[in-house]
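Taking it in order: structure first as structure tokens, then the write-up.
Throughout, numbering of the chain's residues begins at 1 and tracks the sequence. Only heavy atoms go into these numbers, but all of them, side chains included; no hydrogens, no water, no symmetry mates. Indexing begins at 1, ligand by ligand and atom by atom, following the structure's order.
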Amino acid sequence: MKKFLDVIGEILEKAFEECGYDTKYAKVTVSNRPDLCEYQCNGAMAAAKEYKKAPFVIAGEIVEKLKDHKAVRWMESVNPGFINMTLSGDFVAEYVDGMYQDADMGHEKAGNPKTIVIDYGGANVAKPLHIGHLRSAIIGESIKRIAKYAGHHVIGDVHLGDWGLQMGLIIEELRDRKPELPYFDESFEGEYPTEAPFTISELEQIYPAASARSKEEPEFMERAHQATLKLQSGDKACRAIWNHIMNVSKVDLKKNYDNLKVSFDLWKGESDAQPFIPDMVQDMIDRGFAHESQGALVIDVAEETDSKEIPPCIIRKSDGAALYATSDLATMIQRERDFAPDRYIYMTDKRQEMHFTQVFRAAKKTGIVKPETELTFLGFGTMNGKDGKPFKTRAGGVMRLEQLVADINDAVYGRMMENRSMTEEEVAEIVKVIGLAALKYGDLSNQASKDYIFDIERFTSFEGNTGPYILYTIVRIKSILAKYMENGGDVREASSIKTPVNQSEKELMIAISRFNEVMEQAYAEIAPHKICQYIYELSNAFNSFYHETKILSEENKDVKKGYIALLVLTKKVLEQCIDLLGFEAPERM
Ligand code: ARG
């Protein structure tokens, strides 16, 4: 369906045209003074310059033309030349009924779908998932869903950090702990065991221990470096241990991501890009893009118009090692081969911005991607504690994701137990659903690039701009609909949305009408927070309507059916939106 604003805009356009003015001045916006009117058009002011007429006169002509239009309830020109308008209830209801009759609530899929790779999650194998990776997972998952819903062909890739020094550290720590393993026996010639020589809890313990040791013992660090190099040059024993590390960690990572309702179409990582590196580097040398600089191999990516210095992109260190940028460029070669994406979207902490600027420029310059390929980096801000500093545990350590989720769930549990009459088991299930909504909404309702304060108290509140408040609204609608059914009503008989009977019902309809516009914006600006803003307003509009209207005790059957239809649509819109944010509503709470 056309966006509601465009439908109104066309009416204005016709009037501008008929009065002899260019239609470009007929743009309509939602009123910024809702106390005065619902919509406004400020075009008369701009038209005044072109037509050398007083804006108030132009506005007056338009109002005269339209004041009896069936879409208009009331219209007025206001000094110096604003056009203010309020729509007729019938007109609003007709549009919203169109949404109700449409399977996709008036939302249209992209006419020319794009292939988009979204690189998010970015967990580092064998290191604990911590808050740094939480935002990438939450925001990335939402953006993936938004892009899919917009109709694009989307591939979400977790792009694991699985090729670095942490692997060498683990191998050497394992050697010291279990020297009897065949991987450490130089003369071993048989098949290595298929069973991993450690469990996930051991592995989780091995890495931090090894990392701490490496800082104290230079000799150990040197061994870890050597082991990393051996792994990277294909040593059989190192590779076998690496496989075990990967298998054990991936199971655990999947469990963690599952709990967050985050999923990936691809489980690739830095290691998958390694085979592409030698040819890529050689090719960059041959074609003159890469040159030596202080022993390293670099690609110049500075541009004349740069306002700050963009250092060259280093693709090989003086000791011959590949770097993060090398691996990201090689990953693009792989993705081009597999998907030839029209667009790439990367999600990491905004501190990686320079890295992506360099990589993107190098990819364009060397032709790894086409000139028209859209490369987007979405850098997010830091999650801070109430003290305004990066979020830490009470003991001051780095917060583990599981701990964070447990803390949120505890807070929700406390609130639920305050005044609920549910069984323990019921509460435990619901707590998880609400906890996830609190966590994700708390994050997504902020513009991604901004730092935000992680405030469990506020995020878990059932009132205000929070996930639980949105869920509460949906649950409220579900319970009204359930009661309606219990009392013999049939939701399927609510066949259409009727003319609103009061202002709050009309405002609810107007809020609903923005759905397709918001979906379009959320995708165009890659901005889940726009969806949060929208469902907060929609929930408020619904709750005002609920408080001012006797829904189930309405005697006029037709009016009541209209209410029910409106409830069904409100619920559908809210549920679609929270699905795009990556969480769901319980049956009761
Ligand atoms: N593993 C990286 C980190 O923890 C994030 C990876 C982001 N994706 C990429 N293609 N560089 O910082």
Distance in Å, Asp235 CG paired with Leu229 CG, rounded so as to fall on 0.5 Å steps: 11.0 Å
Check: Pro312 main-chain N/O paired with Gln358 side-chain donor or acceptor under 3.5 Å: yes
Side-chain H-bond candidate by donor/acceptor type, Glu537 with Gln533, under 3.5 Å: no
Ligand 1-proximal atoms of Tyr344, by part, heavy-atom distance under 4.0 Å: neither
Candidate with minimal heavy-atom separation from atom 12 (O) of ligand 1, of Gln352, Arg351, His355: Gln352
Protein residue, atom and distance nearest to atom 10 (N) of ligand 1, heavy-atom basis: Asp328 OD1, 2.7 Å
Element-labelled atoms of ligand 1 that are located less than 4.0 Å from some non-hydrogen atom of Thr348: 7 (C)
Selected option - heavy-atom contact closest to atom 11 (N) of ligand 1, from Tyr324, Trp163, Phe377: Tyr324
Pair Phe188 and Tyr183, ring centroids less than 6.0 Å apart: no
Sub-4.0 Å atoms of ligand 1 with respect to non-hydrogen atoms of Phe356: 9 (C), 11 (N)
Backbone N/O of Leu160 and side chain of Trp267: donor-acceptor pair under 3.5 Å: no
Donor-acceptor contact present, side-chain Asn259 to main-chain Asn256, <3.5 Å: no
Element-labelled atoms of ligand 1 that are located less than 4.0 Å from some non-hydrogen atom of Tyr346: 10 (N)
Distance filter under 4.0 Å to Asp119 heavy atoms, resulting ligand 1 atoms: 7 (C), 8 (N), 9 (C), 10 (N)
Per-residue contact class, Asn124 against ligand 1 - non-hydrogen pairs under 4.0 Å: side chain
Residue pairs passing the ring-ring contact (aromatic ring centres under 6.0 Å, His included) test where at least one lies in residues 310-354, sequence neighbours excluded: Tyr324-His355, Tyr346-Phe356, Tyr346-Phe360
Per-atom contacts of ligand 1 with Gly122, taking only distances under 4.0 Å to non-hydrogen atoms: 1 (N), 2 (C), 3 (C), 4 (O), 5 (C)
